[in-house]
There are 2 protein chains.
Amino acid sequence: MRVSAKADYAVRAAAELAASPDGPVKGERLADSQDIPLQFLEHILLDLKHSGIVRARRGAKGGYWLAKPADEVSIADVIRAVEGPIAHVQSAPPESITYTGSAQELQNVWIAVRASLRDVLESTSLEDLVTGNLPDNVRELADDKDAWLPR
Amino acid sequence: MRVSAKADYAVRAAAELAASPDGPVKGERLADSQDIPLQFLEHILLDLKHSGIVRARRGAKGGYWLAKPADEVSIADVIRAVEGPIAHVQSAPPESITYTGSAQELQNVWIAVRASLRDVLESTSLEDLVTGNLPDNVRELADDKDAWLPR
DNA sequence: GATTTCGCGATCAAATCGGTCAGCAGAATC
DNA sequence: GATTCTGCTGACCGATTTGATCGCGAAATC
């Protein structure tokens, strides 16, 4: 249940792209501005490219840019591009697992977990992220004081 | 963002305990009924014991039982006992991370992610799980047809 | 054709994951 | 009090994942 460095980096790089007016942005600039190891970032950007979130051109004047408008790319899209499915249990999707005995209802819980993650990550676009205009449901969750307490 | 085998096992074993009328349940029976490797399960049960969720007695007539009523133990408690904090980003709690530039709002998103996970896992008790009587918010999420679709 | 920048596979050290082994420590039974 | 049962615990293990780095090829620009 943790967010990997890779996913975190990916979202930050994508945000940086979303905030840059069109035209290619060099990998190095992304790495600098978000303090991400350049060579690692390049692999991440490659993943993003493979899943159609980003485009790239080489050579001088080359760089990366978003393949779609920033309001059509969700944070979930970005995470999936680098990490695969968002909420797997034992490496299998929750809808494919069945439990026996007293744990029978557990599948519903994992489904609910995935749904609640999606509610946040799917509804927040890169544009929401860079403008600070988070969707109401997300803002509500983040504004709850208890949400900031560790456990 | 995945649920480990350990966490899955832990919840299932705890559910089995919650469903068993008091009196110690042997590790072997838990392992059998939930199809978990016994020796691995014993480590898990030890974690649960160390965090005060379970008690145990050795020897003949020994076994494990819940230290508290099943409606006072949440699934979140169980997961935390074996996996540590529920939603860390790069191994750090989201409230301790600060982002710069275009990613400044990202912290709020991670906080919201954690909050939404808590909404599900904290509100569901072992009793809810074994009776199938899931909290309304959880049931609502699980009943959504879209929640069952892979992505 | 020189330079710049991405593309991508190979490699790597360290950590994590899922699990087994073996031996010790209490509790019950005889 | 000896035996048996069952949990307690640390050591260990192979495989995978994580978080990178290196090196070289391929495109684009000048």
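- Nearest heavy atom pair, residue A:A15 against residue A:L129, reads CB-CD2, 3.8 Å.
- When all heavy atoms are compared, the tightest approach of B:R118 to A:D146 is NH1-O, 3.3 Å.
- Between the side chains of B:S4 and B:E83, at least one donor N or O lies within less than 3.5 Å of an accepting N or O.
- Less than 4.0 Å separates DNA chain D from at least one heavy atom of each of the following residues of residues 10-27 of chain B: B:K26, B:G27.
- When every heavy atom of A:S116 is checked against every heavy atom of A:V113, the shortest pair comes out as OG-O, 3.0 Å.
- Nucleotides of DNA chain C lying under 4.0 Å from heavy atoms of chain A occupy a range whose first and last members, 5' to 3', are C:dT4 to C:dA10.
- Atom CZ of B:R55 is separated from atom P of D:dC8 by 13 Å (rounded to the nearest Å).
- When all heavy atoms are compared, the tightest approach of B:V54 to B:L45 is CG1-O, 4.3 Å.
- Between B:S20 and B:R29, the shortest heavy-atom distance links the atoms OG-NH2, 3.8 Å.
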Treat primed atoms plus P, OP1 and OP2 as sugar-phosphate and everything else as base, then score nucleotides 14-25 of chain D 5' to 3': B for base contact with protein heavy atoms under 4.0 Å, S for sugar-phosphate contact only, - for none.
-----SBBB--B
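- Side-chain atoms of A:D77 come within 3.5 Å of backbone N or O of A:S74 as a donor-acceptor pair.
- Salt-bridge formation is detected for the pair B:R151/A:E122: a Lys NZ or Arg NE/NH1/NH2 atom is positioned less than 4.0 Å from an Asp or Glu carboxylate oxygen.
- To the nearest 0.5 Å, the span separating CG on B:L48 from CZ on B:R55 amounts to 14.0 Å.
- Annotation: of the two residues near DNA chain D, B:G59 and A:G59, the 5′-most nearest-nucleotide partner is B:G59.
- Comparing B:K61 and A:K61 by the nucleotide of DNA chain D that holds the closest heavy atom to each, the one mapping nearer the 5' end is B:K61.
- For the pair B:K49 NZ and D:dG7 P, the computed distance is 11 Å after rounding to whole Å.
- For the residue pair B:N108 and A:W148, the shortest heavy atom distance occurs at OD1-CZ2, 3.3 Å.
- What separates OH of B:Y64 from P of D:dT6 is a distance of 11 Å, to the nearest Å.
- Of the possible donor and acceptor atoms, one in the side chain of B:Q107 sits under 3.5 Å from a partner among the backbone N and O of B:P94.
- Taking for each of A:L45 and A:A60 the nucleotide of DNA chain C with the nearest heavy atom, the 5'-most of the two is the partner of A:A60.
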